[in-house]
Amino acid sequence: MRRLLTWIAISMACASLLLVGVRAIHSDSPPTACVQLLSPTTGDVLTVDANTGAALLDARKDFPLPVAYPLYRSNISPDQRYIIRGVNVSFKGIDFIRAWIGRRSTTNSHNLTGATLATQFVWSPDSKYVAFTGARGWGTRSILLDFAIMNVDNQTLHREEIPEALDNLWFSSSQDIVWSPDSSTAAVAFHELNVGATLALRPADADQSIRIPFRKETISYLMWSPNSQYVYVFTQDDPTTFRKLYVVQRDGHILRQLALPTDLEPMFVDYTISAPRYRWSRDGQYFYLYRSMMNKPRVDVFNLSGKQVTTSSLPVSPQFTSTLWSAQPHTLLYIHADIDAAYQSLVALDVETQQITTLLSAVPYNYRVWLSPNSLEFIVSERINTNRSIPHLFSLDLTKHETPFGEILIKLANGSESNEPIPNWSPSNQKVMLVSEDDTKFRLVWWNKTTRELKHLDFSKQEYVGWGVSPKWLSDDLLGIDTLSTKVNGRKALLLDEPSMTLTTLLSASSDSPYYFAKINDDLVVIATSTNAILYRLTTGSTATVKLPNSLGEIGLIVEPHQRASVLLNGRDANFGRASLSLITTTSTMLLVDADYIAQPVWSSDGEIFTFAFANTASASPMLQIMSRDGILLHSFSLPPRTSLTDYSQLRWTTCQ
């Protein structure tokens, strides 16, 4: 099944169905004299007069920043106050950035790099500092490298010149800047060809680093201890083997040097994958490293001083997420895996005493630990025989252990391996569901942790042959169920009201028809296919169908405050490449625009008008339109040409002062 709806921009309920109640409008809602548009990548805020179309870049600081687009590293500060915008500069296949730093808009920004080219920007955890490395004098014979830190509150910038010899491998081997958790010190590694590595430790407000040489070695990974007192430096002698772990105090003193297993290298190849493969214990006194060589995953545990506390590497499950620290101090939970064994053991290891407690002894090979959304509980399935399992529920502190589902039927796949039940938690963690299967039926079974009640719903395989049943909690009391059947070559979207056990069919389609299925609010469910959006009112059971003008993209439903109308945004489809916007009233549906890009619409506080921006080609200046609730075009403005390449995607009504 195609993934569920991943982006829905809504605020209330759909207006195309009968109104059930009227929601009060806050008296302090913003007026509608101007419209503001925000670009998430540049931070630019454009203010447009809703009567004249006069537009200017605005430096107001009260527009909320959206999530950063990953066009360059760490462009928005963690506290959302500052944004870095950059211009990519490419030279001989190497990408650099010239950057500015400011408060949300171009008109309040400062040149950060000047003539310097830089490759990364890393914020301190407290958002007070931003660190970067750069190259001055690019294109000349006197290139100078800088390690720079800016205090963004007082706009002081200290550039520290890096010795010329360290630029040999800078573009290919310098590592990410890593801030200490307390934001007091930044660490970065540099390399000198045929000489070795240098670790630079830079206090945030200092203009020089403490430099520690690592001759004939390459620094491959850096991480700080939770108390910000130590830097753990992983090195290797050549590109394929790891040899040492150094524990370095923040003053540059090397406290300890340890030899490491030679097969740790794969953990550090891909930074996007490797970063989660070490974990600190809950008390911050231990950390483990996860590695996998020749399909034999291993875990090594070290203490705060860098000393390995496990006498040998622990064989663990290939599922990395099955290794985690308990809520108990210094207790490691993992599935003890033997690749040659049919079943594995779930164990708890006290890393201080080395005492191992076996929690379960018959976990199927390659099965994982399933954490609840709040990470306070987990479920592991234990095999009883070839076609039965018992799901075990543990609290992360190991004070609770129960088997609420009893024995679960499982169906053998290909005559050998079985499909173990996968837990499906409700949003509040109060209910958890599993799907079991035998030769005659699929069974949905769920447990309410508060009432201790166990319920189930069966689907006969006489109808649902071959592909099965896929449920998902839409809320704590509502289940969306996708069913597929080779017998009728079709699929259905079902809605289950769990308290009343009422099952409703919302959609029947051919088996290859993708659709999105999501709960919008307490009274509305939306299903969108490639041609229609079906809106279902929970309180009344009424439905409305909206025809979509293009192939299925992602759906946003934005409803006016009094629920008398709504606009439906159908995002760009990967194949079709166009977006569309429709107005839905109580009597009709009207296609407003079909364009290359459409910014998310926004209603006025009284629900009488709404506004949106769109562009018909990637290079065209965006159009801003203001329409009445009945679909009458009130104003249409072409935004300034300089905004043609700016991705304005968030809008709001505001004053013009």
Side-chain angles (χ1 to χ4, degrees), residues 1-5 364 367 370 379 381 383-391 403-415 417-427 430-448 451 453-519 525-529 534 536 538 541 543:
M1 185 184 77
R2 187 167 174 174
R3 65 188 175 85
L4 294 176
L5 177 62
Y367 191 71
W370 298 92
I379 290 178
S381 185
R383 184 68 61 80
I384 300 303
N385 53 41
T386 56
N387 63 353
R388 290 181 182 273
S389 288
I390 296 182
T403 56
F405 300 97
E407 292 188 6
I408 294 292
L409 296 172
I410 55 178
K411 174 68 175 176
L412 295 182
N414 300 322
E417 298 180 2
S418 63
N419 300 317
E420 294 294 332
I422 298 175
N424 190 327
W425 299 85
S426 68
Q430 291 305 304
K431 298 174 184 177
V432 61
M433 169 178 288
L434 300 169
V435 179
S436 66
E437 178 184 359
D438 61 19
D439 291 330
T440 63
K441 64 180 178 299
F442 299 99
R443 169 166 287 187
L444 278 58
V445 55
W446 60 96
W447 179 61
N448 188 318
T451 65
E453 184 180 11
L454 193 67
K455 292 183 177 181
H456 72 268
L457 184 66
D458 290 342
F459 293 83
S460 170
K461 283 190 173 180
Q462 289 184 352
E463 180 179 358
Y464 302 100
V465 177
W467 292 349
V469 178
S470 300
K472 180 177 178 62
W473 291 101
L474 302 179
S475 69
D476 285 335
D477 294 329
L478 201 64
L479 275 163
I481 306 172
D482 179 38
T483 64
L484 297 167
S485 173
T486 55
K487 182 176 180 180
V488 297
N489 190 29
R491 64 191 306 171
K492 291 182 180 180
L494 308 176
L495 193 67
L496 176 66
D497 180 77
E498 190 269 337
S500 67
M501 295 296 288
T502 301
L503 190 64
T504 304
T505 300
L506 298 185
L507 172 71
S508 296
S510 62
S511 60
D512 58 352
S513 298
Y515 61 83
Y516 291 140
F517 194 177
K519 182 174 184 291
V525 170
V526 171
I527 297 177
T529 69
I534 300 172
Y536 178 76
L538 297 173
T543 62

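Numbers for residues simply follow the sequence, beginning at 1. What's counted below: heavy atoms across the whole structure, side chains too, no hydrogens, waters or symmetry copies.
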Can you tell me how far apart CG (Asp482) and NZ (Lys472) are? Round to the nearest 0.5 Å.
12.0 Å
Where do Arg388 and Leu409 land on the side-chain contact (heavy atoms from CB on, under 4.5 Å) test, with the steps shown first?
CA-CA 5 Å; Arg388 290 181 182 273; Leu409 296 172; 3.4 Å; yes
With a 4.0 Å cut-off, would you call Asp438 and Arg443 a salt bridge?
no
Correct closest heavy-atom pair for Pro423 and Val432 would be CB-CG2, 4.0 Å
Of all heavy-atom pairs linking Phe459 and Leu494, the shortest is CE2-CD1, 3.7 Å
Non-hydrogen side-chain atoms of Leu434 and Trp447 separated by less than 4.5 Å
no
Residues in side-chain hydrogen bond (donor to acceptor under 3.5 Å, both in side chains) with Thr502, at least two apart?
Ser500
Measure the CD1-CD1 distance between Ile390 and Ile384 for me, rounded to the nearest 0.5 Å.
3.5 Å
Start with the C-alpha distance between Thr483 and Phe442, add both sets of side-chain angles, then the distance that settles side-chain contact (heavy atoms from CB on, under 4.5 Å), and finish with yes or no.
CA-CA 10 Å; Thr483 64; Phe442 299 99; over 6 Å; no
Of Leu474, Asp476, Asn448, the residue whose pairing with Ser426 passes side-chain contact (heavy atoms from CB on, under 4.5 Å):
Asp476
Heavy atoms only: give me the nearest Ser389-Pro391 pair and the separation to one decimal.
O-CD, 3.8 Å
Between Lys455 and Glu498 (side chain of the first, backbone of the second, donor and acceptor by atom type, cut-off under 3.5 Å), is there such a pair?
yes
Go through the steps for Lys441 and Ser460 under the test side-chain contact (heavy atoms from CB on, under 4.5 Å), then give the verdict.
CA-CA 4 Å; Lys441 64 180 178 299; Ser460 170; 5.5 Å; no
Distance check, rounded to the nearest 0.5 Å: Gln430 atom CD versus Thr451 atom OG1?
9.5 Å
Intermediate values then yes/no, side-chain contact (heavy atoms from CB on, under 4.5 Å), Leu503 and Ile481
CA-CA 10 Å; Leu503 190 64; Ile481 306 172; 4.2 Å; yes
Sub-3.5 Å donor-acceptor pair from the side chain of Asn424 to the main-chain atoms of Pro471, do we have one?
yes
I need the Lys431 NZ to Trp425 CH2 distance, nearest 0.5 Å.
14.0 Å
The reported gap from CG in Asn387 to CD1 in Ile408 (rounded to nearest 0.5 angstrom) is 12.0 Å
Restricting to non-hydrogen atoms, name the atom on Leu479 and the atom on Met433 that form the minimum distance, rounded to 0.1 Å.
CD1-CE, 3.0 Å
Minimum heavy-atom separation for Leu478 and Asp497, please, with both atom names.
CD1-CA, 4.1 Å
